[in-house]
Amino acid sequence: MISTQAWSDAQLLWDFQQMHHTPRPCSVGIGLGSHDLGVADVTVDLYRRGMFPLIVFTGATSRTTREHMPRGEAEHYRERALELGVPDSAVLVEPRARNTGENIRFSRELLAERGVEVASVLLVSKPYEERRAFATARRLWPEVEIVSASTPMALPEYVDSIGDARLVLDMLVGAQQRLLIYPEQGFMIRQEVPASVTTAYERLCAAGFTSRLAPRPS
């Protein structure tokens, strides 16, 4: 049973993680691999709206996806896009990345290898990882404009779509932790975090939503 306080704290983290960017035309759309096939759906919708001419799906597998996405997150995203009518020529697959930093770095390398000039990226992620993805991309690809996007859902609706409330709250806590510790490790830019968000994060940690925390360097 998840307490009312935990839900309230999760809502604070959810609201903070979203960048509230307005999608606009970019050189390329990059869909970040995860357990959430909705990322592929949003990327396809943005492609259909003319926001970019080319899609990169990036991601290997993780402990969350190895069973239901055995061919790799990026490949399953690609298959979804083709099912929805995107031409194969408009989709590139980056199948090696196992974290957000590798998503950005390997996608950048793939596009360079293909001779694609990139001035701007529409970066598509899960709703609760928009800010983490943005901060990582700004650190690793500072010369391009980054626009963030995700499935336009409220937290309760998103939890229902995933079907696992605890997983979503654990993931929210993990994403928030990385915003706090990764800048000092050089993995992302530093962003100001409101005290109310930090307090909510600490309460959720104390309540046991910790399975997706990254280990701190020794």
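If you read the sequence from its start, that first residue is 1, and numbering goes on from there. This structure is a prediction, so every number in the text was calculated from the model and none was measured.
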J.: For Val28 and Leu54, work out which heavy atoms get closest and say how close.
T.: CG2-O, 3.3 Å
J.: Given Arg96, which of Glu109, Glu75, Glu73, Glu102 fulfils the salt bridge (charged side-chain N to carboxylate O under 4.0 Å, His left out) condition?
T.: Glu109
J.: Any chance you could measure Leu140, atom CG, to Phe106, atom CZ, to the nearest 0.5 Å?
T.: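 Here the interatomic distance stands at 11.0 Å.
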J.: Between Asp88 and Arg78, is there a side-chain heavy-atom distance shorter than 4.5 Å?
T.: yes
J.: With rounding to the nearest 0.5 Å, note down the distance linking CG in Leu84 to CZ in Arg48.
T.: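 These two atoms lie 5.5 Å from each other.
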J.: Does Arg139 use its side chain to pair, donor to acceptor, with the backbone of Gly186 at less than 3.5 Å?
T.: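 Judged by distance alone, yes, a pair lies under 3.5 Å.
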J.: As an exercise, state the distance from CG of Asn103 to CD1 of Ile30, rounded to the nearest 0.5 Å.
T.: 9.0 Å
J.: Nearest 0.5 Å, please: how far is NE2 in His76 from CG in Leu37?
T.: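 So the gap between those two atoms works out to 9.0 Å.
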J.: In terms of hydrophobic clustering (I, L, V, M, F, W, Y; side-chain heavy atoms under 4.5 Å; direct or indirect links), are Val56 and Val144 co-clustered?
T.: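 Yes; Val144 is reachable from Val56 via cluster members.
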J.: Looking only at non-hydrogen atoms, find the nearest pair between Phe52 and Thr43 and report the distance.
T.: CZ-O, 3.4 Å
J.: Taking CZ in Arg114 as the centre, count heavy atoms belonging to other residues, nucleotides or ligands within less than 6.0 Å. Is the count above 12?
T.: no
J.: Within the 4.5 Å heavy-atom criterion, are Tyr77 and Ser34 side-chain neighbours or not?
T.: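 SC-SC contact between Tyr77 and Ser34 confirmed.
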J.: Do Ile162 and Tyr158 come within less than 4.5 Å of each other through their side chains, counting heavy atoms only?
T.: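 Yes, their side chains come closer than 4.5 Å.
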J.: Please report the closest heavy-atom contact between Ser125 and Ser150, naming both atoms and the distance.
T.: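 That would be O-CB, 3.1 Å.
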J.: Distance from Gln177 atom CD to Tyr182 atom OH, nearest 0.5 Å?
T.: 7.0 Å
J.: Any donor-acceptor pair under 3.5 Å linking the side chain of Ser27 with the backbone of Ala119?
T.: yes
J.: Under the salt bridge (charged side-chain N to carboxylate O under 4.0 Å, His left out) test against Arg108, which residue among Glu143, Glu94, Glu113 passes?
T.: Glu143
J.: Is the NZ or CZ atom of Arg131 positioned over Phe16's six-membered ring, under 6.0 angstrom from the centre and within 45° of the axis?
T.: yes
J.: By the definition side-chain contact (heavy atoms from CB on, under 4.5 Å), identify the one residue from Ser120, Cys26, Pro25 that meets it with Val147.
T.: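 So, applying the side-chain contact (heavy atoms from CB on, under 4.5 Å) to Val147 and each of Ser120, Cys26, Pro25, only Cys26 qualifies.
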J.: Could you please spell out the steps behind the side-chain contact (heavy atoms from CB on, under 4.5 Å) verdict for Arg212 and Val173?
T.: CA-CA 7 Å; Arg212 300 294 163 154; Val173 170; over 6 Å; no
J.: With the side chain counted from C-beta on, respond yes when Arg132 and Gln176 share a heavy-atom pair under 4.5 Å apart, and no when they do not.
T.: no
J.: Could you tell me the separation between the OG atom of Ser211 and the CE atom of Met171, rounded to the nearest 0.5 Å?
T.: 7.5 Å
J.: Checking side-chain contact (heavy atoms from CB on, under 4.5 Å) between Phe209 and each of Asp170, Leu172, Val168, which is the one that passes?
T.: Asp170
J.: Group every Ile, Leu, Val, Met, Phe, Trp and Tyr by side-chain heavy-atom contacts under 4.5 Å, then state whether Val124 and Leu110 land in the same group.
T.: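 No.
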J.: Side-chain heavy atoms under 4.5 angstrom apart, residues restricted to Ile, Leu, Val, Met, Phe, Trp, Tyr: same cluster for Val39 and Met19?
T.: no
J.: Taking the side chain as everything from C-beta on, heavy atoms only, tell me whether Arg24 gets closer than 4.5 Å to Glu145.
T.: yes
J.: Considering non-hydrogen atoms only, spot the tightest contact between Pro127 and Thr151 and give its length.
T.: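 It is CG-O, 3.6 Å.
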J.: Can you list, pair by pair, the side-chain donor-acceptor contacts under 3.5 Å of residues 5-12, counting residues two or more places apart and other chains?
T.:
residue : atom : partner : partner atom : Å
Gln5    : NE2  : Asp9    : OD1          : 3.0
Gln5    : NE2  : Asp9    : OD2          : 3.4
Asp9    : OD1  : Arg203  : NE           : 3.3
Asp9    : OD1  : Arg203  : NH2          : 2.7
Asp9    : OD2  : Arg203  : NE           : 2.9
Gln11   : NE2  : Asp15   : OD1          : 2.9

J.: Got Phe187 and Thr136 here, is their nearest side-chain heavy-atom distance under 4.5 Å?
T.: no
J.: If hydrophobic clusters are built by linking Ile, Leu, Val, Met, Phe, Trp and Tyr wherever their side-chain heavy atoms come under 4.5 Å apart, do Val42 and Met51 end up in the same one?
T.: yes
J.: May I ask you to check whether over 12 heavy atoms, not counting those of Glu83, lie within 6.0 Å of atom CD?
T.: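 Enclosed.
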J.: Mind listing the closest non-hydrogen atom pair of Ala200 and Leu13 along with its distance?
T.: CB-CD1, 3.7 Å
J.: Can you confirm whether His21 sits close enough to Ile146 that some side-chain heavy atom of one is under 4.5 Å from a side-chain heavy atom of the other?
T.: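 A side-chain contact under 4.5 Å is absent here.
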J.: If Ile, Leu, Val, Met, Phe, Trp and Tyr residues are connected whenever their side-chain heavy atoms lie under 4.5 Å apart, and connections chain through other members, are Leu32 and Val93 in the same group?
T.: no
J.: Checking Glu129 against Arg178 for the salt bridge (Lys or Arg N to Asp or Glu O under 4.0 Å) test, could you report, in this order, the C-alpha distance in whole Å, the side-chain angles of both residues, the deciding distance, and whether it holds?
T.: CA-CA 10 Å; Glu129 289 201 335; Arg178 286 158 176 79; over 6 Å; no
J.: Any idea which heavy atoms bring Ala165 and Ile2 closest together, and the distance?
T.: CB-CD1, 3.7 Å
J.: Within the 4.5 Å heavy-atom criterion, are Leu123 and Ile104 side-chain neighbours or not?
T.: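 Side-chain contact under 4.5 Å: yes.
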